[in-house]
Structure formats: structure tokens, C-alpha cells
> 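Below is a structure I'd like to ask you about.
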Amino acid sequence: MLNLALVIVLAPFVGFLLQSAFGRRLPRQGDWLTILGIGASFAAAVIVFGRVLGGEVLDAADPAANARWEWMRFGEVVWNVGIKIDGLTAVMLFVVTLVAFLVHVFSSAYMHGDPKYWKFFAWLQMFSTSMLILVLADNLLVLFIGWELVGLCSYKLIGFWSERQDPCNAARKAFITTRIGDLGMVVALMLIYSQTKSFAFEDMFRAASTGGLDQQVRTWASLGLFMAAMGKSAQFPLHVWLPDAMEGPTPVSALIHAATMVAAGVYLVGRTFPLFTDASLLVVASVGAVTAVMAGLIALAQNDIKKVLAYSTVSQLGFMFLGLGCKAWHAALFHLTTHAFFKALMFLGSGSVIHACHHEQDMRKMGGLWRKLPITGTTFFIGVLAIAGFPFVTSGFFSKDAILAGAWHAHPALFWIGLGAAVLTAFYMFRLFAMTFLGKPKDEHVFEHAHESPFAMTLPLLVLCALSVAAGWDLFHWHSKLLDPVAAGATAAGSIGHHEHSQFVMYLAITAGCVGLGAGLIVFRAMAPERLAALKRPFGGLERAFARKFGFDELYREVILRPAYVLANVLAWTDREGVDGAVNGIGRTAASAARGSGTIDRVVVDGAVRGTGAVILAGGDGVARTQSGRIRTYVAFGIAAVALILILGRIF
Amino acid sequence: MTAVSALLPTILLTAGILAVLLADAVGKGRRPQVLPWISGAALVGTAAVAIVWLAGARGDDRIVLGALRMDAFAFVMTLFCAVAGLVSILATLVGDGNRRPGGEFHALVLAAVVGMSVLGAAVDMVTLYLAFELVSITGYVLVGMRRGDRLANEASLKYVLFGAVSSGLMIYGLSLLFGLAGGTSLEALRVAVAQGAGTQPVFGAAVLLVFAGFAFKISAVPFHFWAPDVYQGAPTAVAGFLSVASKAAGFAGLIRVVDALGATAQRAAGTGTVLRWLDGSPAGVVATVLGVCAVLTMTLGNLGACRQNDLKRLLAYSSIAQAGYMLMAVTMWTPDALASLVFYLVTYLFMNLAAFLLAGIVIRSAGTSSLDGLKGLGYRNPWLAGTFTVVMLSLTGIPPMFGFLGKFVLFASVLSEGYLWFAVIGLLNGAISLYYYAKPLLRMYLDGPAPDAPAVRVSPGAAVLAGVLVLPVVAFFLAWSPLATWTKSVLPTLRIGS
Amino acid sequence: MTSPVLHLPLAFLQTIGLAHFLVVGAVLFCAGITTVLARRNAVGILIGLELILNAANLNLVAFERFGPAPLRGTVFAIFVLAVAAAEAAIALAIVLNVFDSRDEIDVDETTALKG
Amino acid sequence: MGSNLLSLTFLLPLAGSVLVLLVPKESAGRACRWVNLLATLATFVATLAVWSGWNAAKAKLLPGQYALTEDVEWIAAFGIRYHLGVDGVSVALLLLTSFVSIGASMASWNVEKSAKGYHSMFLLLLAGMVGVFMALDLFLFYLFWEIMLLPMYFLIGIWGGPRRQYASIKFFLYTLAGSVLMLAGIVLIWIHHRTFQIPEIVQIAQSTGLFEGKVDGAATYRLLCFIGFFVAFAIKVPLFPFHTWLPDAHVEAPTPISMILAGVLLKMGGYGLIRMAYPFFPAAAVTLQYWIVGLSLASIVYGALVAMAQTDFKKLVAYSSVSHMGFVTLGLASLTPEGSNGAMYMMLAHGTISPMLFMLVGVIYERAHHRDIDRFGGLAWAMPRYGVLAAFGIFASLGLPGLSGFIAEITVFLGSFDRFPRLTLIATLGMVVTAAYYLITLQKVYLGDTPAVYQDKAHYPDVSPRELWILLPLAAVTLLMGVLPGLAMEIYRVDLEGIVKGVKEVGDAIAKVK
């Protein structure tokens, strides 16, 4: 098992090294090499998936597996690095490697002809490696390392077309916002380490259950971890970077912002679930619910196809955190996997649409493309059904229904919010579908050129479409085999509630899905454009608010960035004048003296007096002035001093 | 060893003076080449006698003719001043090149050395005053040697007026002390102080007035005013002579007087250091005055120098500051402190003479004594600039130069008395001094080569002399401990008369 | 007509003791100091200087007369006189020197060296 | 042990510095830079020998004992001895010094202006630095400490930028004022204990405490002496209020000297604290620990914020050095094994990353002759390989995991969190601000569209082989120390933890008593 895990991680890493070194000179600029690398990793992941299904687990704790190596030692405390595979890891491995593999294949066509073609694949490989490190880590420190490496790779990939300013700004914004989130992770690390002196998951969970970590620390640590998750999964306060990240190439959006990196946040909370106390779970749930609704509303008002998908991802992640918050651990992780498939499907679908319309992303210029792009159209439609939770046929339904059931049991209030979000999801997804594929083409020029994408792009769409349907059924009942043992482990820590499948919730979920789709059909398909405008007018102000993303960008710019710059400039000025000034007197005069300018006296005497340096020189200046050259003043000073001492002598 | 052997240095020097004057007269107006040889021989002879005496069995140091005690300290001072005199004469010869100084120059230098040697050995008020005046008067004339030079005239005028007034104050103080002591010998004064003469109100005034004289001689505040102007006006070699020899003699005389004022008695009686300020005892008064004076001299010397743009004035203020450090040692009045003073004087001798010699060479070739004359010297004449840098850094007290060792020993003695703040003030003054000692370095190196500046000719004689002076400044930290132990053995035999 | 002086206690006038001499000496000393400070002319300063030296001489002789030490004070005084003469000679020579180059010896003008 | 390997290590550069002066005038330029390189390489080999020697001797040593010691009477009158010795900490720093110096000597390849003087000063500086890390006699330490100042003054003063006089005199004055306070402390110790030997003094300090019984009010003496030592080293680190000399010195110093200044000289402050200030006065260190932590936090956050406002690239890197070195004092002040280990690791990490950054700035300065961030753009396109290296350097300095900066930062955080939880949170802010200003700079200088002037290959060639030979080793070490920190840590871990444990026990014991 260990060497399989090593293959999974090292294959893409070797690919990255070879590609970045020789990529340019390889035939087809080395895209086959990278596809081979991720393919090998995917194959290994499938084998591991099978093995774990058979009950085999790689536990770093027991020495037999020797999956743990000493990294650093401080006194008697030892920090080590290890690999851990259990049910959850197996699922994640499968999802990550599969989606990565498909994206590699897709981008070999999509990125064709880009000047830095080889570089793109190098960083895709590195991204997969860091994601796999994150998933395979057996302790929080290695997870954190993977976490930040993923941040770096997303910086590189978002800012891939670095000759233009917007991608660079977007990449920087992404890195810094996630970095703020990472602060939470560091705080959590410190809190946990100060009590348990170890980062391994099993030590942490044992301490949490046996009271090693006191309640207060557990809450703050878990909130720290959640803060990091919020940063990476673009939850409510830290979501501003995700829409801008759409500046990156579409395959990047598909891989990173649909399936893997964004999901890392959910994986983190899932993996460290035993740490969470009820208080922190409530926070997770409420943030999740609010994000789900808010992101849904914003998505409704977006006209760029990729931005809609981006906000829908944020909303779906909000759903998952809602599930986790309501202790529906199993449901949340299940939704994570299904969402990965159909969201990747839709991103790649939108990629093929954009490719077809020569990089046109504005939906208002599209329309009626179904006839031109049949495969993309149908697969996209199935994706929309899945995300809307169309009953029984799509996997989305099962996972979303499970979350709603969990929410129903834990916090009924949040359940209704969740339900509302579900309706919204269906509504805006259908709007997207309708505006691009259905109805009359709005822009003749775009419509003329549209043509079905090559096979390399449609194959991944088909595979993902199949999976987004199949994932719902419990093939080889992988739920019970993989997710439940880990869930059981988590429940052992006493924080996962038991949930039974209530009929009432299911029906509600079904109606929500259909109502959303139906409304979408009526509003966007059938209704004539002018009545559509009339319908929209009362919501006009609302829509502008949604469009400007509730003004969060401006808010951050005013509240955080501007004062930081002002403070920086003020400090820099004080540093030059104040602290530095305290000693600047000598320095400044030395410089002016060095220039030997004739105006020394003028500069020193009436120059601005600064700090100790200047005091010394003023003293020196005073001394020089007493040397008036007149002998009588000299003698006078002498005798006056003697007289003064005499008088003082008398006093004492 | 009869009294004659004790007076051998003085006799030799006087013979030298007569021979020089005779040779000058006989030379019928032409300045014969022989003059420097005569004066040189006299000075070397005196130095040899001193070395022999010091190295030898250090025979009895009884009081001679009731006026002199040629003990180890006196012989060290004689050796010290003889070497300074010799270097000054050589510097003048090497420096001026074309105009050989007249016979009277040599005579005056020899006379000054006699005065200094006697001042170091004086145990009687009369001899003290006479030696003091001899050194001063020869100094006045030496400063005013170049008749035509307006600056030299003005410098000598200031020197003579200021010096005369200070010695006037001193003699008036001495007359009061004479009254108190009932006799001219310092021993009588010490006895009188021991018997409570110190409590008389007039005692404080008398002591102060005497200190005025010595403060003038060692250019300590508040009687330092003459130093910058006189050093600037006087020929550089003479300025060097004054800054080293007359200052050392001044310190020697000061030590004799302070001892007579019961400092050692106080020290021996085990009542802690003499520096119990303002504790009412006569020695306490003395200590307070000295301490305050030391701090003022140090700080004022350093501050003044920061603003200078003339090389000679800069060196003048630097010598005032150095006087401040040395005065700190006298204030401590412990055997360690006095040994460190002698040690510091040795470092001071080499550093300052080298500094003035090099300054003389640079000023003569650049034509101006302002710092701009040094521009780009580092590129034109690297060896000269290098030695000058070494001397400057040594004056600042940067290890491994000789100056650092002197400061180290000095501050160690101060710190061992527990006067933390006193030492810290001294050390910080040392740090500030870097600012002005680095000014010449700034000009020589950091301004970049100055192509148009005149080439600097260094005559072989000057190069050798500079080498002899700078060598110990650089190399002495290897042979440092023999000097340190030797200075302990050379302490003035205090408790005059015992 | 009786002048106030007469009423002074005669005792004070009859016995001239050490104190009287010292008082005169002090007065002479202060006169010397003021002359040195007040005069602008170099020679004037030298005159003041002589006053100071003579004040010291007066003290010495007075102490010798009333003190125990035989003949020490006067010897000291004579030495001081000799030195004063030498000093005056040198000082006047230097003053002449300055006079040659400046045509005036006003001390306040000789300020070429300063700063 | 009779081996005089340490003296050899110190004498090699000294001999080199003299040899360079003897090189004949006309071929001065070329010949002496080879002598310089050979001498630096020889010193590096010598330090490797010292490392292996120390490794061999390590087993037999008691804690707190030194290896390869050479102890010769020098000045009997004052009990000063020519006493050299190394332990883990000094071996690690010696290796860093000679390693960085190789890069620096290669970087000073095309110095024309009086080349002989430059190379001789360079080697004298190297000798001084090597000496400081080996001296075990306080007087000898002070001697080396000052010897190192002299060449630095001239190197910045003569071969520096436009305001070089101001920067060099300021550097000299700052360090001298500090070292004068240290001298007062050294002399005080010598007077009351009549010894200059560091091991003996540590022995006394750990047992009875210095000045105990020698002078009334020993505790205040100890406190004052500690402050004296601490200020002298804080100026070198540089810590917050004493840092204003660093930006000027860096901006004006030529690239190779900047590399050495950032790579090695700043570490002397840290070394001084570990070797002298803390072990000599453990009680004072414990009582003042909150002050020290406060100043370190100020350094970290203040340094980062001011760096954000800089337009001169070199000044920005200088202020980031102030910010990074704040970690060193923070880690040390925590006195925990993790914290002190992290502090030492930050010294090694920063010691390799900052020379690399300064070299990177030097590369573009040599081509563009200006360092204004706003006037650059898109250099990654004009000089691709240079762009990659620059990105590597910036991300290393940013504290990206997998590189040495991250290891140091995370260990210091974890260490100091134990002792000062709330204060360390402030330090974590530094992480975000550092990320911000470095990425902004990365974007302004390297990404975005390339202005025409940087397009032509004649003036802006990609990084030359020589420059590559300087940058690659540094990058390799940063990566190696990031992935396998154990290697570097094992050198100094045992000794450092011994020292810190000693300080902590004595300090806490006395603190409890008071």
C-alpha cells in the first residue's frame, strides 16, 4: 500500500520536474509526458480505492507500515512526516486524480497554440502533486505544507497569462486572501501544538476525546481551521478572490475552482472533524448557509458564464459546510464527491462553449447553441439536472437530499435557508443553460462560428456526465465501505449525530428541485425578452447589488487595503524622519561635510535640529563660538570659573 | 650616588644649551650644520641617563638640595620629555626642509626639557614655580618663532597673555599655601594639611588658584581656551611638542601637588577612594574639582572637535579631550590609576607626535591646514594616508591600535573603583570622537581620487621618523604586558619625605 | 572738628598684624585682575599682571615676617620678582612683534584665530 | 587538543588579504580577484575541516564544552589568552560565513576602482568574521568584532553608491557606540572576576551569578551589564529602535558587500546573544524578556509595513531583513527548545536567502543602473531564467513551505506561542504583510507587460554563467534546508539546547526567588 501511495504522489512530481526542465524541447511540448504522469497516479488511485474497499488501511501510526519518517527533533519532541490512507483519503484520491487526468486531456486541446503551452502542463502537474500531498498527509503540519503549495500553484495557474495585468492582480488577490485564511491554520497549529506537542491526527483526536485539549482550545483551534477552510473554499467573508480567479484559463478553473483546491477546505474540516465542538459547528453551519444563499443570489445576476459557475461552486460549498455544521458528515463528503464530478463537467462544458465561440464568455451573446454543440449541450444539461438535484436520476439529488435531512435534524431554521438555496441553485443554473443553449441565437457572428469541440474535449465531458449520474448509486456500496468507518471514527469522538432518512425531507427536496427548474423554464425559456425585462424591473436595485457582489471588493479595499497602505507610508516617513532622525544629525552633517559644501555653517547652525546627533553638533557649535579669538574673553571665562567654584565651595 | 648623579640630566641639558649658543655665535651668522647634532646629542644623553637609571638599581631618590626628588617618576618624565624634544627638533628639521631653524630654537627646546624634567621632580614650591615658568616662557617664544607670520604672532601673544595670567593666579595661590604650610617645601604643606590646615576657609581658594595654573598647562577646562588658537598659529612641530611634553610635565607637577594636599594620606588611611565627593575632607574638595574638570574637558574637547574643519584645530581639540581622559585617572588616585596614566601618556606620546608630524607634512605640501588639503590623499600617496588612518583610529581607541590599549587600561582602573557612570561617559565620549577622527579619512578616501591636487613629497627623513613613531602604535599590542607591568613599577613615590 | 576716622578704635591702628598685609595683598590682587580684564591694550594687561605678581610677593613677605619659617618667604619673593621680569621682557618682545605686523596692539582686534 | 585548525581558518583569509596587496600593479584587476576567490574557497574548505573535526570530537565533549580549542597565554598582566574554540552553534555559523563569502567574492568579479584595496579589505573582513565566531576570550572577541568594522567602513565608504559617506559613517558610529557599551561590560566582568574566558564566566554566571559578593547591589550590575551587551548585539541584529543604519548601509553598499552584510554580519548579533548576553546574565534575560519580545514584534510588523512603502528594491529587501531578524530575537527570548532552534534556523535560512535576494537586485542594478520598483516591468519575459530564480528567491523569503524560510518561521511561532501566546499572534500578522509586499513587488518588477527598454537583449542579457554560479548554490541550499531541515539542525541542536536550558533554569530559579 505504501509504495502505491508513493507512486500516486511522486508520479506527477517527477512529471513536473521533467516538464519544467525539458518541456519546451519535448515533442508536442511534453503534454503527453504529463498526461502519462497523472494517468499513472490515477491508476494507482483506482487500485488503492479497490484495496480500501476491501478493508485494507494504511495507518501511519503503527510502525509496521513504516509510513512515518522523522523530520525534525527538538529536545525530546519529534516532528515527523507520514502518509495515511483511510476511506476518506481513498475517495479524495480517486476524485482528485480522475478530475486532474481529465483536465490534462481537456487542456491538451484547449490550450493548443499557447506560447507557454509546456509551462501550463508543468504547473498542472505541480498542482496535482501538492493536492495529493494535502490529501495523503497524516499530520496537520504536512497538510499545511500541502495547503500552501496548492496556494502557490493556484497563484501560478491563475496568473498564467502574466503579460496582462488583470490575471496578475487576480492571482495576487487569491494568494493574499487565502494567506489570511492560512493565518487561522497557523493559530490552530500553535494552539494544538502547545497542548499536545504533536501534529499527528490520531494524537489530536485522542487528546480531544480524553480532555487533553480543553474545550476552549478546541473551539478556537477548530475555528482557526475553519477560517483557513473559508479562505481556501471562498466562503462568505473571504470569497472575493474566486470570481476574479476566473481570469485564469478555463481548465484551471475546472480543476482548481470546481473539484480540488476549493474542496480542500471541506476535506480539512472533514478530516479534523473530531476537534470541532458544538459551538464551532454552529458557526460552520451558519456561515455555510449564508454563503449558499448569498452566492446563489449573486450568481443569478452574473452574465459571464464562468463567473456564474464560480458562484455556484461557492454556493455548493456553502451547502457542504452547512451539512458538516449539522453533523451530517457523511452527507457533506458525499456531496463533495458528486459536486466535484458535475461541477467539473459544467466547467469543462463551458470551456468547450468558450472554445467554440472563440473565447467569448458573455452569455448575452450566446443562445441556441444546443444545435451547434450537441454533445456539450446534452452533457451540460445532465450536469444542470444533477446540480439542481433532479430526483432519483442524478447523484446530486441523493447528496443534497442527505444534507438537507441532516440540516432538518440539527437546525430546522438553517434547513429552510438551505432549501431556499436549493431552489435558487436550480433557478440560476437553468437560466445559464437557457441563455447559452436554448432560445434564439442573440449574436449571429458568434453563432456562425460555433462548432462542436474536438474529441479530446468532449471525451472528458462524457466520462464526467456518466459519473455524475452513477455516483448517486451506491456502486460496490462504497458509501458504507469507505465513508462510514471514518464517520464511525469521527462519531467515536462524540460529535457526529446519527441521522435517519426521513421521507418528508425527501419530498420537500424533490419539490424544491422541480420548482426551481420549472420557474427557470418559464422565466427564461418561454417568456419574451421584453416581459422578462418588466419582470426584472422591481428587482432592479437588488440585481445591481448582486452584480456588484454586495460591494465586498470595495468594502475590503476601503476597510483593509487603503488603511494598510496609509499606515505603511506613515511608518516609512516616521522611520526616515523620527527614529532615523534621532541619530541622523551626525550622519547628515557627515554627508554635508563630505560634500565639503561651503554652506556648512549655514546648514549646521540654522538647519533643522534633529535628535542626539544634532544635540552633539549644537554642543560642538557652542564650544566653537566660545572660541571667539579675543584673549580677554578667554581670561574672563577662566577667572569667572574660579570665582564660581569658590562660591559653590562656600555653599557646601 | 651623590647629588650630582641625580642632577646629571639637568647638567647635561644645560651644557647642551651653552654649547648650542656658543656654536651659533661662533658660526659667524651662517647657521652651521652642527647645531642639530649638539642639541640631539644632549637630548639623547639625557634619555640615556634616564634609561640607565631606570633599568639599573634605581639608586636612592633622596631629596636633593631640598628641592628635587629624582625618583623613578621624575626620570620617566625626563625620558618622556627628552624623547618629545628630540622628535620635535627632528620634525622641524625634516618638516621645514629649506629654512633651518636658528640656534635659539635648539636652546629653547633644551631649556624647555630642563624645565619639564625639574617640574617632574619638584618637591618644593619654589622649584615647582620656577620649573613651571621656565616651561611656559620657552613655550611662548617657541610659538612665536616665525617672526613674519601674522598667525604665529597672534598665537604667541594669546599664549603669553593667557599663560602669564594663569601663572599669576598660581603664584598667588602658592603664596597662600606658603602661609598655611609655614614653609615652601611640599612636605611642610602635607604636614600642615594633616594637622587640619585644610579646614581653613582660605585653603579651598588657594588650592583652586594653584589648579588654575596646572589647568592652563594641561589645557583642561576652564583654562583650555588658548590651545586651539595657539596650536593653529604655532608651527606644527612646536604644537606637537606643546601638546605632548608640556602637557605631561603639567600632569607630573599636578600629581606632586595633589599628593601634597593629603590625597595619598587619605588613600592610605583606607577611607576608600579619594573621590568621596564633597565629603568635606580637604582631599574630597580636591577630588570634586578634578572630577568635574575631567568630565568637562573630555566632553568639551570632543564636542568642539566635531565642528572643526582645520586639521591643526581638530588635533588641538583632540588633545584637550585626551587631557580629559588623563585627568580622570588622576581623580581616581589609586596606584592602578596612576600606572594607567603613565601607560596612557606613553601611548599619547607616540600617537600625538605621529599625528602632528604627519599633519605637518600634509599641510606643508597642500599649503593649507584645512581638511580639504587631504582630498584624495588615499590615492595619491597610499602609505602616508595609511599611516595617518592608523594614527587617527588609534586616537579614537579602535583595537588593535595602541590607543585602544591605553584607553582600556585607563577605563579598567576607573571601573575598578566602581565609578560606572564616570567610565561610561568617558567611553561614550570615545565613541563620539570617531566622528571627527573619521573626517580626515572621509577626505582622504571616501571623496575619491582628486587628480588636480598637488603631489605630496615625503622626504626620506620624515618617512623614517613617521615609521618609528607609527610602528609602536600598530605593533605594541603584541608586547603589551611588559609595558603594563613596567608602568606599575614606575609609580611616583608618594608621601613625599617618607 | 572731629573726623569720623578718629573715633576708630585706636587699637586697630596701632598693632599692624598679618591680617592687614593679607588684606592689602588681596586688594592688590583684585586690582590686578580688574586691570587685566578691563584693559584693551596688551601692555595694559601686562601691567595688571605685574600687580598680581606683586600681590603674591606681598603675601610671601608678610607670611615670612609673621610666620615661623626663617627667610624662606623673601627668597621665594625674590625668585618671583626675577621670573616676573623675564616674563615681562618676553611678553613685551612678543607684543612688539604683533605691533610690527598689525600697527596696533588692541587685543580685541587680534581675532584671526577663532572657531 | 593540539590541532591549530582554527587558527589556520582565521589566518588563511588574513594571509590572502596581505597577499593581494603584493600583487603587481599592472595586472592588479585580474590577479587579485583570483587570489580573493582562492582564499575564500580555502577558507570554506577549512571550515568544512572544522566541521568534520568538531563532528569527531563531539562525542567526547561534555555539554557546554568546546572542541578544537587552542589556548595560549597572550597578555599575562591582564590574564588575556589567545583562546579559540568551537561548538555546534559556531560551526554552523562558520559554515554559513564561508559559504556566503564564496558567492560574494564571485560577485565582486568586475570591481575596477582600486581593485587591490577592495579585495584586501574583503579578505580582512572575512578574517574578522571568522575570528568572531571562534574567539572564546572576551578581549579577543572584542578585537575581532572591531577588526571587522574597519574594512566594512571602507568597503561601503569607497565602493558604495552616491550617499556612501553618510551610510558608512552611520554604520561605523552605530556599531561602535554599541560595542563601547559592551566593552564597559567586559571590563567590569574582568575587574571583578579577573577572567576574560567565556567558559569560565558562563560557569560563574550559572552557579553563583556574576558580581555576586564582589560588589553591593550585584543584581543591578548584572542588569546594567546585560543591557550593555544586549544593546550592542541588538544594533547588529538589527532590532527595532536600532535598525535605522541597515537600510542606508544596504542601499549604498555594493552588491557583494550587501550580500555579506545581510548574510553574515546580522547573524553576529544573534550569535552574541546566544554566546554571551543570555548565558552571562540569565536572570536579567528572564526579567527583561517581555521588553525583548515587544521589540522583536515591533521589528517584525514595523519592518514589514515599512517595507511595503518602499520604492527602492534594495531598501525593501533591507527592511524585510529587519522583519525577518525580528524572528531571531523573538525565538531566543522564548527560551523554549523549539523557539531557540527556530531562531538559529532563521539565522541560517535568512543567511542564505537574503544574499540571494541582494544578488538578484544586483543583477538588474548592473543592467538598469537604477533600483526603482515602479520603473521596472515584465522582466520575467525579458530574462526568463532570471525571472524563475527571482520568483524562487521571493517565495523563499515569503516563507513558502518546502523552503527554509517556512521551517524557521513555523518553529519560532510554535516555540514562542508557548511562552507568549497573545503576543505571538501579532507576529503572525507579519506573515500576511510580508506576503503582500513581496507579491506586489514580484508583480511590478517581473510580471505584467515588458516596457520596450528592457526588450533589447544587448543591454538586458539573461543571467550570465557567473551570476548563475552565485545564485544556484544559494537556491539549492535553501531548497535542501527546506525539505530536510534535520541535516542543518543536527549541527547546532544539542549545544544550543544545552545553552538555552541552562539560561532558562538559572533565570527562572532567580526570578522565582525575587
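In the text below, chain A, chain B and the rest are named by the order of the sequence lines, each starting its count at 1.
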> With a 4.5 angstrom heavy-atom cut-off, which part of L224(D) approaches chain B: side chain, backbone, both or neither?
side chain
> Could you measure the distance from the CD atom of E146(D) to the CE atom of M401(B)? Nearest 0.5 Å is fine.
10.5 Å
> Please walk me through it: do F154(D) and T389(B) pass side-chain contact (heavy atoms from CB on, under 4.5 Å)?
CA-CA 11 Å; F154(D) 285 112; T389(B) 317; 3.7 Å; yes
> So which atom in I169(D) and which in A438(B) form the shortest heavy-atom distance, rounded to 0.1 Å?
CD1-CB, 3.6 Å
> Given a strict heavy-atom distance threshold of 4.5 Å, which part of W145(D) is in contact with chain B: side chain, backbone, both, or neither?
neither
> What distance separates L150(D) CG from L441(B) CG, expressed to the nearest 0.5 Å?
8.5 Å
> Search all heavy atoms of A184(D) against all heavy atoms of L427(B) and return the closest pair with its distance.
CB-CD1, 3.4 Å
> With I191(D) as reference, evaluate L415(B), D336(B), V414(B) under the side-chain contact (heavy atoms from CB on, under 4.5 Å) test and give the passing residue.
L415(B)
> Measuring heavy-atom distances to chain D, does A412(B) have an atom under 4.5 Å in its side chain, in its backbone, in both, or in neither?
both
> What closest approach, in Å, do A431(B) and A177(D) show between heavy atoms, and which atom pair accounts for it?
CB-CA, 4.1 Å
> Is there side-chain contact between L183(D) and F411(B), with at least one heavy-atom pair below 4.5 Å?
no
> Which atoms of Y221(D) are under 4.5 Å from chain B, going by heavy atoms: the side chain, the backbone, both sets, or neither?
side chain
> Does the side chain of Y435(B) come within less than 4.5 Å of L176(D)'s, by heavy atoms?
no
> Quick check on S179(D) against chain B: is it the side chain, the backbone, both or neither that has a heavy atom closer than 4.5 Å?
neither
> Go through the atoms of I80(D) and report whether side chain, backbone, both or neither lie under 4.5 Å from a heavy atom of chain B.
side chain
> Anything under 30° is parallel, anything over 60° is perpendicular, the rest tilted; go ahead and classify F139(D) against F408(B).
perpendicular
> For a side-chain contact (heavy atoms from CB on, under 4.5 Å) check, start with the C-alpha distance between I398(B) and F172(D), then their side-chain angles and the critical distance, and finish with the verdict.
CA-CA 11 Å; I398(B) 304 278; F172(D) 206 153; 4.0 Å; yes
